[in-house]
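Heads up, the thing below is written out as structure tokens.
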Amino acid sequence: MSTIPRRLVVAAAALTMLGSAAASAEAAPVKPKAVPYASVVPAPASATQASSTFTLASGARIAASGQAASVGDYLAGVLRPATGFALPVDKSFVAHAVDPIQLLIAPDASLGDEGYQLTVNAGSVVLTANKPAGLFEGVQTLRQLLPASIDANTTQPGPWTIQGGKITDHPRFAYRGAMLDVARHFFGVDTVKTYIDEIARYKVNTLHLHLTDDQGWRLQINSWPKLATYGGSTEVGGGAGGYYTQAQYKDIVAYAASRYITIIPEVDMPGHTNAALASYAELNCNGVAPPLYTGTDVGFSTLCVGKDVTYKFLDDVIGELAALTPGPYIHIGGDESKSTSDADYKTFVAKVQQIVANHGKTAIGWHDISKAALLPSTIGQYWDTTPTNASVQAAAKKGTHFILSPANLAYLDMKYTEQTPLGQDWAGLIEAKDAYSWDPGKYLTGVNSSQVNGVEGPLWTETIVRLADIQYMAFPRLAELAELGWSQAASHDWNTFKTRLAAQGPRWKAQGVNFYASPQVPWAK
Ligand code: ACM
């Protein structure tokens, strides 16, 4: 019997090949391989490559003054770990022309609030936008034009070369969201911040936090303290749960804002409220608090629609939430209220929308709310699995706008295949290609694309317990959804997209993101 395992033979052959490659590299210096513009996700509205290349030098400075300064600091911060360069940010107005990387606010109405223009020449990288948010989105593009090793958090060899050219970009939809259910399983501040950083790379601009459900209440409310201390004391499976103090919630909101992400807090009601009902007996129609719940059934709980204390409770909760939340939206849930009569449900939704409005915010609700009378400002979030829904169509006729999260296309907790160890399959399996194979502007029957605010990828966490689980379900699918939200409809093509998506694999590896390496994608090494 041969004593040499086959693995070693293959390794030896690979070493020989490496040796000959190194020899030829000595003979003719290899030009650094720059990342093609066609590998950016989401696809920019317009991109033209030139033959020149820019290489970031160790002494480079980043010019970013006035409104651009904080994005300049962010860019320097994300480039320092892998480059090992100091990358000082020059915030004076005079020296811009001599700094190789320049971030400039320059009025250009065609770019809108989040659009940007990126021009790369041999000697400079110039990013311009109307608003800091546009510079921030342009920075995400710039990061993807550097070699994947830029995403490592230890010093890498470089060289840090970027292909010359010009990109002009702006989003198709204003709303591009992710949702994290922190109620079924609780996730601490650091996990949420990591997820914020990961979604920001794909120009996602909202993070909807599903803060309350039957299994847990996850935000300190000073006027009703037992919601968090008792209602937040467990989770699915009986673990310890947890909740955000108001200071922690504000910290998340501020961190998200620094990444141009708006936090949308959800208090789900009138169903999905067992944690609140268990915390305060008076919120129950029979005056008896149920036990805490750690299972995964839905539809068994309801706030007592006929009691005045219910609206005092909601006014207090929404008042505190509105004061803590600078963004314009409060999500009122409204899904699967199977223990609330239709008449009660309609009464309840009407009252809650008004409470939200009284606190200066706009209500978003799962599309179930469209069977009630909606305020003109209220937005529906569509989560069903078929494109036709009579109440949704009727609400759209009256002008209601929608965010699209069809469960069989956009739910990040659905399994990729039957073998996926995490997640659920009640809405179907969603492989990489499925997640990309729909047009949010044309999906809903009877809803004009001008009434579609955008897309959101919800991640429900019945089976999700740690950051690595979140990453595995979100990537690649959230990057795909982000492209559907950002990129123009004309660029929609699976065959070119899958190659661009493939370029994200080495980036996720460099970042330590636990993604699903779908066999449908020709992952780059
Ligand atoms: C939902 O999935 N119940 C919104």
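Just so you know, ligand 1 is whichever comes first in the structure, and atom 1 is the first atom listed for that ligand.
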Report task. Check whether NZ of the Lys or CZ of the Arg Arg477 lies under 6.0 Å from the centre of the six-membered ring of Tyr416 and within 45 degrees of that ring's axis. Result ->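 Yes, Arg477 lies over the aromatic ring of Tyr416.
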Distance-only criterion, 3.5 Å: show the donor-acceptor pairs between side-chain atoms of residues 227-234 and protein atoms not counting sequence neighbours.
residue	atom	partner	partner atom	Å
Thr229	OG1	Pro225	O	3.2
Ser233	OG	Tyr230	O	2.7
Thr234	OG1	Gly239	O	2.9

Query raised in the report: Any donor-acceptor pair under 3.5 Å linking the side chain of Thr461 with the backbone of His185?
Result: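 The answer is yes, because a donor-acceptor pair under 3.5 Å joins these two groups.
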Query - disulfide bond (SG atoms under 2.5 Å apart): pairs with one or both residues in residues 225-329, sequence neighbours excluded - result: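 Of all non-adjacent pairs touching residues 225-329, those that pass disulfide bond (SG atoms under 2.5 Å apart) are Cys285-Cys304.
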Query raised in the report: Taking atom OH of Tyr260 and atom CD of Glu137, what is their separation to the nearest 0.5 Å?
Result: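 Tyr260 atom OH to Glu137 atom CD measures 9.5 Å (nearest 0.5 Å).
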Check each N or O atom of ligand 1 against all protein N or O atoms and list the pairs under 3.5 Å, with atom names and distances to 0.1 Å, one per line.
residue	atom	partner	partner atom	Å
ligand 1	2 (O)	Tyr411	OH	2.6
ligand 1	3 (N)	Asp335	OD2	2.7
ligand 1	3 (N)	Glu336	OE1	3.0

Report task. Keeping to residues at least two apart or across chains, list the ring pair (Phe, Tyr, Trp, His ring centres under 6.0 Å) pairs with something in residues 295-319. Result ->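 Every pair satisfying ring pair (Phe, Tyr, Trp, His ring centres under 6.0 Å) with a residue in residues 295-319: Trp224-Phe313, Tyr293-Phe300.
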